[in-house]
Amino acid sequence: MTTSMLLLRNGLVIDTDPVPTVLGHADVLVRDGLIAAVGPGLDAPPDADVLDATGGLVLPGFVDTHRHVWQAGIRAILPDATLPDYLRRILGELAPRYRPDDVFAGTLAGALECLDSGVTTLVDWSNIQLGPGHTEASVAALRDSGVRAVFGYCHGGGEDLDAFAAETARVRRTHFDGPGGSGGTVSMAMAALGPEIAGEERALREWRLARDLDLPITVHMGGFGPESAARGLAFLDAHGLWDRPVSYVHANHYTGDQFKRLAAHGGTVSATPAVEAVLDIGPPPTGRARDAGLPTGLGADVVSCGPGDMFSIMRAAYVLERGRPGGAGLGLTAADVLRMATIEGAEAIGLADVTGSLAPGKQADVLVLRTDTLGLAAAHDPIAAVVLSADVRNVDTVLVGGRVVKRGGTLLGQDVPALLATLAESARRLTSG
């Protein structure tokens, strides 16, 4: 067996576990897709691929814990909206128009957008599963992109719960054959509508099916007001549904005690601060969830009415939390936000043993940011600079599992102009009339 070696040489290395720390100028050695060593002056064989990171910041790739990736073709179509506007326009009017080829184009473009901006891992909460063709397109696009992804399958083929169960099982069996729904760099989760959206009968079937198929759950709960949040937790209590790994998306309306209950049952939180603010979903859950001991990750949610890059999302999290009334959020630091965007996000989606830090043995999901720009030059605190100053223009090199997917500021192995033309044509059809 041939051993592949890659060396990132002489970057300013930032690791994130247990807390973001500047390790100094060092090398990162990658062997067969895994991080082999981190330190100064590492040796590599003559045939190793050497990437000079001098003058750059080297850190783990970002982890987006919640994104509806299929919406890349309807970017910025609904600014200044509220949640009811979003539900009516995006899910009520536009989503039913999607054909499988629209799903493929949107998902591939959205996943490449992630890689281009340094997001190496994402949860694709795919609520565009109108039929098997849509599912095949979604999975194929994620795999073609090269991103590390959790495919959150949300069955949308009607109200027949037996058909829902049968199709979910087919998707699991056909595309994801390992424990926990794994299948290469793309794994599967149950994207549950849950008791606050779909009602208790479907929610109960979702939880039990996730147990039967050995799938983690990602669910929108806690974002529809205090009464709804309490009702959802009462449902979990009444049916004894605390045994699955669950990521609670938009947990804005839980109280401190409710967050502690979620933490006691091993729950995690996915916060999408930019879109939660835009759509008036509720106050940021970031500080309150973390104070209760819940691993909390960040997500873009939807580019139809919010930003799609992690830099914007980190800044939204930082500003909204620190701006809470009475100084309640001033304990959140820039380092905390970078942790949420990397290792804590990986913890929130059950992949902390795979990605999110530069620990030897983990997958080499790595990001190199160039600093020779006016917006990032002379940064006195590199961690704060990543959170507060960097942007997509600084993303020079991106690795996923040791494979270089972006180098010198350019995505590799993708015909981006052709994809953009396809996406534009899809968008015209979807939005006409």
Side-chain angles (χ1 to χ4, degrees), residues 64-117 119 122-131 133-142 144-145 147 149 151-157 191 193 197 220 223 249-250 270 272-281 299-310 312-313 316 392 411 414 416-433:
D64 185 319
T65 60
H66 182 72
R67 182 185 293 238
H68 302 282
V69 185
W70 58 273
Q71 294 188 23
I74 50 174
R75 182 184 313 277
I77 199 170
L78 198 67
D80 313 321
T82 61
L83 182 57
D85 299 326
Y86 171 84
L87 297 174
R88 175 189 56 79
R89 177 65 170 146
I90 304 300
L91 299 187
E93 296 177 5
L94 295 180
R97 301 178 186 175
Y98 270 72
R99 305 173 305 195
D101 56 345
D102 300 312
V103 174
F104 182 87
T107 301
L108 180 57
L112 292 181
E113 174 189 3
C114 289
L115 292 174
D116 192 46
S117 62
V119 172
L122 64 90
V123 175
D124 180 10
W125 215 102
S126 194
N127 55 340
I128 195 64
Q129 302 310 307
L130 306 179
H134 295 70
T135 302
E136 313 309 310
S138 298
V139 175
L142 290 174
D144 286 359
S145 74
V147 77
F151 173 59
Y153 177 77
C154 181
H155 180 73
L193 292 175
I197 295 178
H220 295 79
V249 182
H250 309 316
S270 173
T272 67
V275 166
E276 287 166 0
V278 167
L279 297 182
D280 194 29
I281 291 175
D301 199 354
V302 291
V303 298
S304 50
C305 53
D309 65 282
M310 187 57 73
S312 297
I313 298 159
V392 176
L411 287 172
Q414 301 288 341
V416 175
L419 175 60
L420 292 177
T422 301
L423 188 69
E425 179 57 35
S426 170
R428 280 192 292 271
R429 190 192 66 79
L430 291 167
T431 58
S432 63

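Computed from a prediction, not measured in an experiment: that's the story for all the values here.
For Gly308 against Val303, the heavy-atom pair with the smallest separation is CA-CG1, 3.7 Å. Between Glu93 and Arg97, the closest heavy-atom pair is O-NE, 3.4 Å. Nearest approach of Ala111 to Val147, heavy atoms of both residues: CB-CG1, 4.1 Å. Closest non-hydrogen pair, Ile128 versus Ser138, comes out as CG2-OG, 4.4 Å. When all heavy atoms are compared, the tightest approach of His134 to Pro100 is CE1-CD, 3.8 Å.
Considering only residues two or more places apart in sequence or on other chains, Asp309 meets the side-chain contact (heavy atoms from CB on, under 4.5 Å) condition with Ser117, Pro307, Phe311, Ser312, Val392. Asn127 pairs by the side chain to side chain donor-acceptor pair (under 3.5 Å) definition with His68, Trp70, not counting sequence neighbours. Ser126 meets the side chain to side chain donor-acceptor pair (under 3.5 Å) test with Gln129; sequence neighbours excluded. Legend: residues meeting side chain to side chain donor-acceptor pair (under 3.5 Å) with Glu136, ordered by chain and number and at least two apart, are Arg170, His175.
Residues His220 and Ile197 form a side-chain contact, since some pair of their non-hydrogen atoms from C-beta on lies under 4.5 Å apart. Looking at heavy atoms from C-beta onward, Tyr98 lies in side-chain contact with Ile74 at the 4.5 angstrom threshold. Within the 4.5 Å cutoff, no side-chain heavy atoms of Leu108 are placed close to those of Thr422. When side chains are defined from C-beta on, Cys114 counts as touching Arg67, because their heavy atoms get closer than 4.5 Å. For the pair Arg89 and Ile77, the minimum side-chain heavy-atom distance is below 4.5 Å. Counting heavy atoms from C-beta on, the side chains of Ile313 and Thr272 never come closer than 4.5 Å.
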Run the side chain to side chain contact (heavy atoms under 4.5 Å, CB included) check on Leu420 and Val416 step by step: do they pass? CA-CA 6 Å; Leu420 292 177; Val416 175; 3.9 Å; yes
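With hydrogens and angles disregarded, no donor-acceptor distance shorter than 3.5 Å links the side chain of Gln71 to the backbone of Asp301. In this structure, the side chain of Asp64 engages the main chain of Ala300 through a donor-acceptor pair within 3.5 Å.
To the nearest 0.5 Å, atom CG of residue Leu279 and atom SG of residue Cys305 are 4.0 Å apart. One finds the CG atom of Leu94 at 8.5 Å from the OG atom of Ser304 (value rounded to the nearest 0.5 Å). Atom CE in Met310 sits 9.5 Å away from atom CG in Leu122 (nearest 0.5 Å). Of the inter-residue distances, the one linking Asp280 atom CG with Tyr86 atom OH reads 16.0 Å to the nearest 0.5 angstrom. Atom CG in Leu142 sits 5.0 Å away from atom CG in Asp124 (nearest 0.5 Å). Note that CG of Asp144 and CD of Gln414 are 7.5 Å apart. Values are rounded to the nearest 0.5 Å.
Screening residues 99-110 for salt bridge (charged side-chain N to carboxylate O under 4.0 Å, His left out), with sequence neighbours left out, gives Arg99-Asp101, Arg99-Asp102, Asp102-Arg429. Annotation: salt bridge (charged side-chain N to carboxylate O under 4.0 Å, His left out) contacts involving residues 71-87, sequence neighbours excluded, comprise Arg75-Glu113.
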